[in-house]
Protein chains: 2
Amino acid sequence: MSAEERRESVVRAAITEFARSGYNGTSTEAIARRVGVSQPYLFRLFPNKEAIFLAASRRCLEDTNRVFESASEGLEGDEALHAMAGAYQKLIAEDPEKLHMQMQMCVAVASAEAAGDHAFGESVRADWLDLWDTVHLALGADVKETTTFLAYGMLINTLLSLGFPPGNRVWSGVYDSARPAGD
Amino acid sequence: MSAEERRESVVRAAITEFARSGYNGTSTEAIARRVGVSQPYLFRLFPNKEAIFLAASRRCLEDTNRVFESASEGLEGDEALHAMAGAYQKLIAEDPEKLHMQMQMCVAVASAEAAGDHAFGESVRADWLDLWDTVHLALGADVKETTTFLAYGMLINTLLSLGFPPGNRVWSGVYDSARPAGD
DNA sequence: CGAGAAAGCTATTGGCCACTCACTAACTTT
DNA sequence: AAAGTTAGTGAGTGGCCAATAGCTTTCTCG
């Protein structure tokens, strides 16, 4: 397998592991095991652990961006909104790790900034802005709509991270089309 | 100093340290140093590191709950909403670590649940429900209002964690009264 | 004062983990 | 077939960290 292909599978494995246990809670060995490769070899493919985390973070935001882009393609206004909400629900149901990874990314950026490392945050913010713009465009460049949509998304992320089961009253005010299934 | 008073200062120090570096990124020695006490002594005050994190998490949610309760006291409807939004802004400005701790708490619960430990999540969910009820009551038991308020709160947490400076376009749709100062 | 309890410390240990080094095996090119 | 490159490994290493054991100091109260 070529180095590039290996890097690709490392990124996928890293998303799974980092989503579950966070940056500091994930050992490079856990990632290597999931890839099916020796742990030292990761350091031939990436300069260090941070680089793996960054690659996983970026991939995750790009994927989410793509989900919104393709869901809203050709639609506008309320139709685009519901299409994106539905797509998000589907993402949550099929790929909850992406969402957990996003949370891990947030706290990792906060920690990095606190430690004086701004490069990581810079990169993540750029990707997040892309996401913001995608939503903004799809919702007819209405700032209020965009903000509310993303706000609901963040609430959903939070409630899911905290493990509130579908049916709990905290879900009662969330758009049906974006709620986790099962309620 | 009595053990109870020490525990109190440990909780405060723990909030600062865990907020900055997360559960796995924070050493018990960092907490002990901040308290001004030897590292092993922490384990006389708390059974283990997890218990310290749990205490810090609960404290943090209780404090936020109290902020909303006292801000909305005697008010209702839009007045209560703006009072709470303003109080949240003040909390953010004066005590950003509380907010970072909340994010850390979220991902810690997610990790604990994934690892099969549901006790921690149970406790945090109970405290979060208290918070939900406080907001719900203050906003006249309007589910939609409550959800939107909390959703905006979560968006603000996320954007602050990611380090978006005041003035960035991602803030443009956030209620003025809840935005970070400086814009 | 004296004794017990509570507060607090030093020293240590066993385990984990990011990262390095030096090597092998297979494939490619000349 | 010689020379070189690329994928990959096994065996460490130094450092950190949660938790324990056992000791000293300080307070309290009869």
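Letters A, B, ... are given to chains in the order of the sequence lines, protein chains preceding strands, and every chain is numbered from 1.
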- Please state how far atom CZ in B:Arg33 lies from atom P in D:dC17, giving the value in whole angstrom units. 9 Å
- Task: Please report, rounded to the nearest Å, how far the P atom of D:dC17 is from the CZ atom of B:Phe18.
- Result: 12 Å
- Send over the distance from A:Phe46 CZ to D:dG8 C1', rounded to a whole Å. 16 Å
- Query: Whole-Å distance between D:dT20 P and B:Lys49 NZ?
  - Reply: 15 Å
- Note on the structure: Heavy-atom nearest nucleotide on DNA chain C taken for B:Gly36 and for A:Asn48; more 5' hit belongs to B:Gly36
- Message: In this structure, how many angstroms lie between the C1' atom of C:dA18 and the CZ atom of A:Phe53, rounded?
- Response: 16 Å
- When rounded to whole Å, the OH to C1' distance for the pair B:Tyr23 and D:dC17 reads 12 Å
- Out of D:dA19, C:dC9, C:dA18, minimum distance to the side chain of B:Phe43 belongs to D:dA19
- Query: Among the nucleotides D:dA19, C:dC19, D:dT9, which one has an atom lying closest to any side-chain atom of A:Gln39?
  - Reply: C:dC19
- Task: Would you mind reading off the distance between A:Tyr41 atom OH and D:dG12 atom P, rounded to a whole angstrom?
- Result: 23 Å
- Item | Pairs satisfying side chain to side chain donor-acceptor pair (under 3.5 Å), at least one member in residues 112-128 of chain B, at least two apart | B:Arg58-B:Asp127, B:Glu113-B:His118, B:Glu113-B:Arg125, B:Glu122-B:Arg125
- Task: Could you work out which one of C:dC23, C:dT10, D:dC23 sits closest to the side chain of A:Arg44?
- Result: C:dC23
- With respect to the phosphate group of C:dA18, does any side-chain polar atom (N or O) of A:Thr28 fall under 4.0 Å of OP1 or OP2? yes
- How would you label the contact of A:Ser27 with the nucleic acid (heavy atoms, under 4.0 Å): base, sugar-phosphate, or nothing? sugar-phosphate
- Task: Check the side chains of B:Thr26 and B:Glu17 for a donor-acceptor pair under 3.5 angstrom, ignoring hydrogens and angles.
- Result: no
- Query: OP1 or OP2 of C:dG8 less than 4.0 angstrom from a side-chain nitrogen or oxygen of B:Arg6, does that happen here?
  - Reply: yes
- Rounded distance in Å - CD1 (B:Ile52) to C1' (D:dA19): 11 Å
- Message: Among C:dA18, C:dC9, D:dA11, which nucleotide has an atom closest to any side-chain atom of A:Pro40?
- Response: D:dA11
- Message: I'd like to check A:Gln39 versus A:Phe43 (side-chain heavy atoms, cut-off strictly below 4.5 Å). Are they in contact?
- Response: yes
Extract all donor-acceptor atom pairs below 3.5 Å that involve side chains of residues 151-159 of chain B and protein atoms in other chains or at least two apart in sequence.
from: B:Tyr152; atom 1: OH; to: A:Thr148; atom 2: OG1; distance (Å): 2.7
from: B:Asn157; atom 1: OD1; to: B:Tyr88; atom 2: OH; distance (Å): 2.6
from: B:Thr158; atom 1: OG1; to: B:Met154; atom 2: O; distance (Å): 2.8

- Can the ring centroids of A:Phe120 and A:Tyr23 be said to lie less than 6.0 angstrom from one another? no
